[in-house]
Amino acid sequence: MSMLTRRHLLRRAALSATAVTPAGAALGAVTTAAGATALAGCQTGEDAAPTEPTASSAARLQFPVNFGWGAATSAYQIEGAAKEDGRGESVWDTFSHTPGRIRNGDTGDVAADHYHRYAEDLDLMRDLGLRSYRFSISWPRIQPDGTGAANQRGIDFYRRLVDGLHERGISPMATLFHWDLPQTLQDAGGWESRDVAYRFADYAATVFEALGDRVPVWLTINEPKTVVQNGYLYGHHAPGRQDPDAAYLVAHHLQLAHGLAVQALRADGGTGRIGPAFNLHPCYPADDSPAAAEATRLYDGYENRLYLDSALKGSYPEDVLADLGPTSRMVRGIRDGDLEIISSPVDVLAVQYYTPIYVTANGGTMRRWPTSEASWQQIYPDGMYDILTRVTRDYGPIPLTVTENGLPTPDVLAADGTVEDTGRVTFLRDHLAAAHRAVTDGVPLESFHVWSLLDNFEWAEGYDQRWGLIYIDYPTQRRVLKRSAHWYRQVIADNAV
Ligand code: IFM
């Protein structure tokens with residue numbers, strides 16, 4: 001493993017000490033003006049210096065007819081009911097119950113109690129006017145031990161949820177895996193075990209069989225990079241490992257699992273569309289030096305191309321493979337035919353954008369923009385434009401959906417029952433304006449999902465950070481629409497920001 005890789009890993013480890021949570025950084029590109037030539041890729045040249053973020057504008061930006069306005073959640077972060085109706089344990093049950101792992105010792109045992117309050121939450125979605133709801137299915141609710149026959153009570157819950165969405169005119173978008181691996185499979189090696197990719201395909205087939213007639217869009221694995229980096233490099237996510245060699249073998253097995261699930265849907269004769277969900281980050285050189293350009297290129301390989309190239313081009317980036325080296329567990333773990341499986345044709349690509357990354361000449365990173373309450377997140381709306389246009393430029397006109405974008409804000413429930421999260425309104429307006437600019441420049445963006453619908457369990461941060469459009473008063477589980485929710489309802493009604 002090269003020096004650059006080691007610096008990359010060390011940089012990430014340092015970030016994690018200050019509570020990096022989600023996946024990481026990105027390498028993207030820089031752009032500002034509306035030119036279609038503004039590539040959002042990994043820019044390494046002199047003209048890559050970022051400019052001021054997009055200014056807010058009073059002009060209305062109309063989105064395409066039938067644009068899929070949505071919001072997103074995931075199972076472990078909102079459902080609670082951790083021990084009900086036959087649900088098995090996941091790695092996140094184990095991790096969150098391990099002292100010292102989660103801020104304030106929080107767990108997902110109750111979370112937003114969505115498992116019991118889903119009907120109320122569906123009504124709130126309808127009241128907001130959502131057209132799309134992206135949620136995840138809990139593997140240990142469907143297969144408590146990660147294999148074998150389906151737990152009917154688990155299936156029934158998601159059936160009720162999906163039926164409730166249709167009754168309210170909201171289109172379901174289901175993620176098969178949002179990090180809650182059954183603990184039994186972790187005990188058998190977790191994602192380091194190639195066999196787990198095949199167990200995932202079996203689980204996916206079970207879900208398609210049960211819900212395939214009611215779910216039009218499937219996403220396979222949420223943010224494989226976060227599992228790789230936070231779970232296996234820095235160890236502040238489940239399963240809490242710090243083993244770079246294992247991390248990239250895990251990356252390969254997650255990609256393999258993705259491809260096998262795509263094939264399972266096709267084998268099932270499913271009519272639904274399917275694709276991966278990647279958190280992508282535009283990476284920019286921190287200065288004009290050739291060394292920064294070179295370091296940015298490799299950084300982009302680890303952050304973006306490792307996942308995009310394998311799924312959409314059928315190859316891993318040569319620079320990353322060379323950097324990992326021929327004796328790495330990942331490189332040794334790639335078998336003939338794997339990349340054909342991984343690049344099984346998909347119908348849609350889900351992009352999750354939170355932050356840019358600025359890479360220094362020595363392979364480190366630096367902060368250029370203000371951060372949110374999440375110290376890893378620099379607020380840079382133009383990065384949304386850059387990453388969307390880069391994906392279209394580099395990977396062709398595959399339909400895109402933004403499945404996550406948002407930030408945590410210091411929300412307080414006032415005595416008059418309001419929550420004034422004006423920072424979230426500004427953030428979403430500016431990021432939607434950037435997405436609109438990408439659409440204007442030809443990006444086939446179909447939908448946009450705010451992260452998140454509800455305040456929820458933010459992994460290592462517990463309940464400390466609030467990411468929702470809807471405030472959860474955890475002691476009472478009362479739901480309160482924040483100012484941003486009212487604003488978003490108007491955006492949806494107007495089909496414009
Ligand atoms: O809460 C997470 C989500 O589970 C995955 N993407 C990033 C979000 C914010 O950190």
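When a residue number appears, it is its place in the shown sequence, counting from 1. Both ligands and their constituent atoms are indexed starting at 1 by order of listing.
Using a 3.5 Å distance cut-off with no hydrogens or angles, the side chains of S138 and Y158 do not pair a donor with an acceptor.
One option in E404, E461, E458 has a heavy atom closer to atom 7 (C) of ligand 1 than any other, and that option is E404.
Taking only nitrogen or oxygen atoms, main chain and side chain alike, N456 does not reach within less than 3.5 Å of ligand 1. The distance criterion of under 3.5 Å between nitrogen or oxygen atoms is not met by W376 with respect to ligand 1. Remark: ligand 1 and W451 share an N or O pair separated by less than 3.5 Å (distance only, no angle test). Polar contact check, Q77 against ligand 1: a nitrogen or oxygen pair lies under 3.5 Å apart. The N/O atoms of W467, backbone and side chain alike, include none that comes under 3.5 Å of an N/O atom in ligand 1.
Atoms of ligand 1 found under 4.0 Å from any heavy atom of E223, numbered from 1 in the order shown, are 5 (C), 6 (N), 7 (C). Those atoms of ligand 1 that come under 4.0 Å of a heavy atom in H178, given as number and element, are 3 (C), 4 (O), 5 (C).
Classified by interplanar angle (parallel below 30°, tilted 30° to 60°, perpendicular above 60°), the ring pair W69/F67 is perpendicular. In this structure, H114 and F157 have perpendicular ring planes: the angle between them is above 60°, well past the 30° mark. By the 30° and 60° cut-offs, the orientation of the rings of H237 relative to W459 is tilted. Classified by interplanar angle (parallel below 30°, tilted 30° to 60°, perpendicular above 60°), the ring pair W191/F177 is perpendicular.
Heavy-atom separations between Q465 and ligand 1 are all 4.0 Å or longer. Residue contact annotation: Y76 has no non-hydrogen atom under 4.0 Å from ligand 1.
Applying the 6.0 Å contact sphere to CZ of R483 captures no more than 12 heavy atoms from other residues, nucleotides or ligands.
A heavy-atom distance below 4.5 Å is not found between the side chains of Y76 and W179.
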